[in-house]
Structures are given as structure tokens and as C-alpha cells.
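Working notes for the structure below.
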Amino acid sequence: MTIALAAPHHAAVEAGRSAIAAGGNALDAALAAAAMLTVVYPHQCAVGGDLIALVRRPDGSTVAVVAAGTAPAAIADVAASWTEVPRAGAGSVTVPGMFAGWQAIAALGAVLPLARALEEAAVAAEDGTTVSAGLARALVSRADAILADPGLREVFTRDGALLGEGDALVQPALARSLRRMAADPHDFYAGEIARSLVATLRADGGTHTVDDFAGYRPEVTAALTRVIGDAAYSVAPPPSVGAILVGVAAARERKPGAAELLEASVLGVQARGAHLGDPAAGPVDVEAMLALDARPFRGPREPRPQGDTAAVVAIDDDGYAVTIVQSVYQTFGSGLLDPATGILLHNRGGAFSIDPASPAAIRPGARPPHTLAPAIVDRGELTVVAGCQGGRAQPWILAQLLPDATDPAVDLDELLGRPRWVIGDRDLGHDRLTLVTEPGVGFDVIERAGALGLGVAAFPGPADEAGHVQLVRRVGDAGVRDAASDPRADGVAVLVPAS
């Protein structure tokens, strides 16, 4: 058997290799990589964040694990006085769903104990890892937040200066927490870790309680699947933005062409704001999102989430496949790192709206709209598993890639190296909806942007904001075929023979 694995950091891939050598399948490899990423890529994902995943099982079923965190029960007590949802600090923190998500994924078919992955990550945190180029860029981009928070300052500075590329990153408190989670999985949500995180949040003005943590459960449900042409797209249901990806991909199928895809993506921006929310907290019109129905538009203006996310994808010859997309939302999340546990907390709650008529309205126990959009696409006997970092641009990034990824003649490395474009506003640093292109994007796209009234800007070269995409592919009886990791990140893709 062969297992394909891709992740945005070499240490994560090595952790996956270790799991495979120990007899693990694709789920074990992905979970080991995901745990390691919280140590080596903390600006993008941390145990104090969320994840959304898809798991394909040997019987052909595809399950979504929606480990999106919930707002505190007492959030209304403070939200009534807000003019907008905080973008950082305790007010932006929902109960972290990531660890519960890992547990749910493991329960769907992993053969190794999750404790093994946690222990390997703990060893790396304790012994120290090397600051990557991506992490170094992120530290500079949020230097003020790093220096302002005692927990972040302790971990990411040395003698008052930010760590730089190649420096040692040592996280002893995080190592202790990972070992506690390995020894007692309940500790994160109902034990010492939960109490410490709640204390840090309440000291910053949060309304979180241990009961909020203890009551958290991830959603494990059937994937949302739609056939587009001769391909079946499987995504996670709301509050994931996956339905918008399917809607944009369907529009591209009806009207092929890069300019037409841009036009569909503009509708996707509007439809996301008009309809995406938590079905457990209020009505969500999934069919309107699939149809890119853009009215009425009530979306919140969200913070810029550069560097927010890390994706791990894996597939094996036994029929297991998984895409895990995990996140702290904005770079270094809320800007709060609990010194006692070493755990960085995300700011996913910054995506809520204070407008009570919005589907993203902040409510006790609600999950905010999520940018995370894992996808599995089947075309005949070919299966592509995809995960993407890219903030709110994930649907249009993936829609530029997935149709060609399902062509077995297309080289995945070449595909990921092609120039891309994204659209956004505040999330890309602009005051209105803007097309931003990498060098080499066709003039037809730029021209259509002008006709649609979009702003137009350009990256000087390949850009993090254009996404870090991870892909693996399997072709029927030929088994696992190939894997690719985005050249914009620090990642690696491998094919590993399993014992």
C-alpha cells in the first residue's frame, strides 16, 4: 500500500511518515502531521483554534467533521454594547474545536492512538524546532501583538527581539499540555487546561466559563455532495463556506473561462455574506448559496486573515482519504497565548456580525461563518483530495485548480505553480472588492474585473494571499498516484510505501 501526504511544513510530513512506519493509515498520517503543525506553524494553526475536515472511508461514504467553536453562553451580556465584534482579544475567541475535531477524525478509522501523535508533537515542542521562513514573516507582520502579550512575548522573542528565520523555537508549556491531552483527553475541555484557558480569557474581559468548554461537541455529519458535469464535489456543510465553492465550480462548468469564473466568484462573495451562518443557531439557505443567490447582502466586514490556516491532505490504497483544514483565523489569532499551557487562542469569533438580521449574527452557543473549505472531488475512478490556506478566497482559489486537478494528465506540481488571482476587500487590505493578481494572470480576467466595477491590484510575485494548496490524487486500480504541496509555503508532498 502507498499513502500520499501533503502538508505546508516538512516537520509535519516527517511526523506523518513516522505514523505510516508505525502501521498507520492515511488518517493516522494526517493527524500526526496536523498535531505537528500546531508546534511548527503556530501563526497559522494552534490547539486553541478550529478545524473542518472531510474523511472518505473504504465504503465510499464521505463524512464532514465540523469542529468549529461556539460563542460563550454569556456573550450577549457584553455584545450588546459592541459597535462591531472585536477582531482580537478575548471577545474574538470562541471555544476551540480543534482537539475535539482530531478525536472525531481518529474515531472514523485511525488505527494508531491519537496519543502517539500528541507525544511526537510534544517532543518537538520541548526539544525545539527551527523558525521557518513563513513563521518569520508572520512574526514581523504582527510584531505589535507579539510584543504586547506576555504569553506570545515569552515564546516568540529572545532578549526583547523577535525570533528570526533559523532561530530555535522552544515551547515547554505547550509540550506539557500536549502530554496532558495524550494522558487524559478530557483535560482540554473539562480539566486543568480548560480552567487555565478560561482564566486567561476572563482576565482579558471574556465571558467564557468551564461549562462552555465542557459542553463543546464537534459536528460529525454527511458531507454536502453535488454533481457538477461528470464530477462529484464533496464539501463540509455550513458554517463552512464549502457550498459557495460548489456554487462557483458549477458556474464555471456552465460558462468555462477565467473571466467567467471571476464573475461567478463575485457572486460568491455576495452570496456568502447574504446566507452563510450556523444552521444550529438559525435558518441557513444552503440552496441559495449553491445557486450563488446574492440577495440580500448582510455580511460582516471581517479582519484580514493572512496566514490563518494550514491544510493537511492524505489518501491511501485501502480507501481512506482525509483533508484537514485547521486555523487560528488571523495570523496569531486573538493575540492571546495562555502562559501556563502554552496554547495560542484563535480569533474566529471576529467573523460574527452584530446585525441581528445577519445569518452570522453573534448568539450564545453559535458558530461563526467559516472560511475553511476542505474538498474531495471524484471524476470517474479518479479522486482528488484538497485543502487550502487562503482566508475568504478559498472557494475561488480551489475553483481555479480542481477542474484541472481531476485530469490525470495534468501534473499537480505544475498546476500549483500557475499564477492565481483572488478577490476580497478588507481581508486583502482594500476598502472595496478588489481583484489582486499574481504575475502572469491573463488580461481577460483583469479586463472583466474593470467591467464588474472591481478594484484591480497586483502582487509583485507569488503571494501567500493567493493560497497554500495541498493536493493528493488516486486513480482507481492504479492506486495512489501523486501529491503536491504549494510552492508558496514551506511544504512537502510525498508518496510513502506502507508496511
Side-chain angles (χ1 to χ4, degrees), residues 38 42-52 66-82 84-101 142 145-146 148-152 155 174 177 188-190 193-218 239 278 281 300 302-305 307-309 326-354 360-372:
T38 65
H43 59 300
Q44 292 195 338
C45 62
V47 180
D50 279 356
L51 74 77
I52 297 180
V66 184
T70 50
I75 193 66
D77 296 345
V78 294
S81 65
W82 290 344
E84 69 172 1
V85 179
R87 311 307 188 190
S92 70
V93 180
T94 52
V95 176
M98 188 179 297
F99 182 53
R142 292 214 69 195
I146 302 296
D149 179 67
L152 287 169
V155 174
L174 179 60
S177 293
F188 188 93
Y189 292 103
I193 292 175
R195 290 189 290 273
S196 184
L197 294 176
V198 166
T200 289
L201 288 163
R202 293 187 74 87
D204 196 63
T207 62
H208 307 73
T209 67
V210 172
D211 286 344
D212 290 323
F213 275 67
Y216 178 75
R217 300 290 184 276
D278 182 4
E302 298 181 28
R304 183 176 186 178
D308 64 327
T309 300
Q326 54 190 35
S327 170
V328 293
Y329 197 35
Q330 195 175 21
T331 304
F332 290 107
S334 64
L336 294 175
L337 188 150
D338 174 33
T341 63
I343 292 173
L344 172 69
L345 292 159
H346 64 169
N347 66 329
R348 183 60 64 173
F352 278 122
S353 171
I354 61 167
I362 189 165
R363 300 181 179 96
R367 300 170 296 180
H370 251 268
T371 57
L372 308 184

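The side chain to side chain donor-acceptor pair (under 3.5 Å) check on T207 picks up nothing, with sequence neighbours excluded.
Of the inter-residue distances, the one linking D278 atom CG with R363 atom CZ reads 9.0 Å to the nearest 0.5 angstrom. How far CZ of F332 is from CD1 of I146: 4.0 Å, rounded to the nearest 0.5 Å. A distance of 8.0 Å separates CG of D149 from CG of D204, quoted to the nearest 0.5 Å. A distance of 7.0 Å separates OG1 of T209 from CZ of R202, quoted to the nearest 0.5 Å. H370 NE2 to D50 CG: the interatomic distance, rounded to the nearest 0.5 Å, is 4.0 Å. In this structure, the separation between CD1 on I343 and CD1 on I193 is 5.0 Å, given to the nearest 0.5 Å.
Using a distance-only test at 3.5 Å, with no hydrogens or angles considered, no donor-acceptor pair links the side chain of R367 to the main chain of T70. Under the 3.5 Å distance criterion, the side-chain polar atoms of S177 are matched with a main-chain donor or acceptor of T341.
Side-chain contact annotation: T371 with R348, donor-acceptor N/O pair under 3.5 Å present. A donor and an acceptor atom, one from each side chain of T200 and D338, are located under 3.5 Å apart.
Scanning both residues, L344 and P42, for their nearest heavy atoms gives CD2-O, 3.3 Å. Looking at every heavy atom in both residues, Y216 comes nearest to A68 through OH-O, 3.0 Å. When all heavy atoms are compared, the tightest approach of A351 to P368 is CB-CB, 4.2 Å. When every heavy atom of F352 is checked against every heavy atom of A361, the shortest pair comes out as CD2-O, 3.9 Å. Nearest approach of A90 to G205, heavy atoms of both residues: CB-C, 4.4 Å. Closest heavy-atom contact between C45 and M98: CB-CE, 4.2 Å.
Between S92 and S334, some side-chain heavy-atom pair lies under the 4.5 Å cut-off. Counting heavy atoms from C-beta on, the side chains of Y189 and V95 come closer than 4.5 Å. Contact check for P218 versus V66: no side-chain heavy atoms found under the 4.5 Å cut-off. You'll find the side chain of Q44 stays beyond 4.5 Å of the side chain of S327, heavy atoms only.
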(request) Applying side-chain contact (heavy atoms from CB on, under 4.5 Å), run through V93 and N347 and close with a yes or a no. (result) CA-CA 5 Å; V93 180; N347 66 329; 5.7 Å; no
(message) Assess the residue pair T38 and Q326 against the criterion (side-chain contact (heavy atoms from CB on, under 4.5 Å)); give the C-alpha distance rounded to whole Å, side-chain angles, the decisive distance to 0.1 Å, and a yes or no.
(response) CA-CA 9 Å; T38 65; Q326 54 190 35; 4.0 Å; yes
(request) Could you walk me through whether L337 and L345 pass side-chain contact (heavy atoms from CB on, under 4.5 Å), step by step? (result) CA-CA 6 Å; L337 188 150; L345 292 159; over 6 Å; no
(message) Between H346 and T94, is the side-chain contact (heavy atoms from CB on, under 4.5 Å) condition met? List the steps.
(response) CA-CA 8 Å; H346 64 169; T94 52; 3.1 Å; yes
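Between F99 and F188, the ring planes are tilted. Angles from 30° to 60° get that label.
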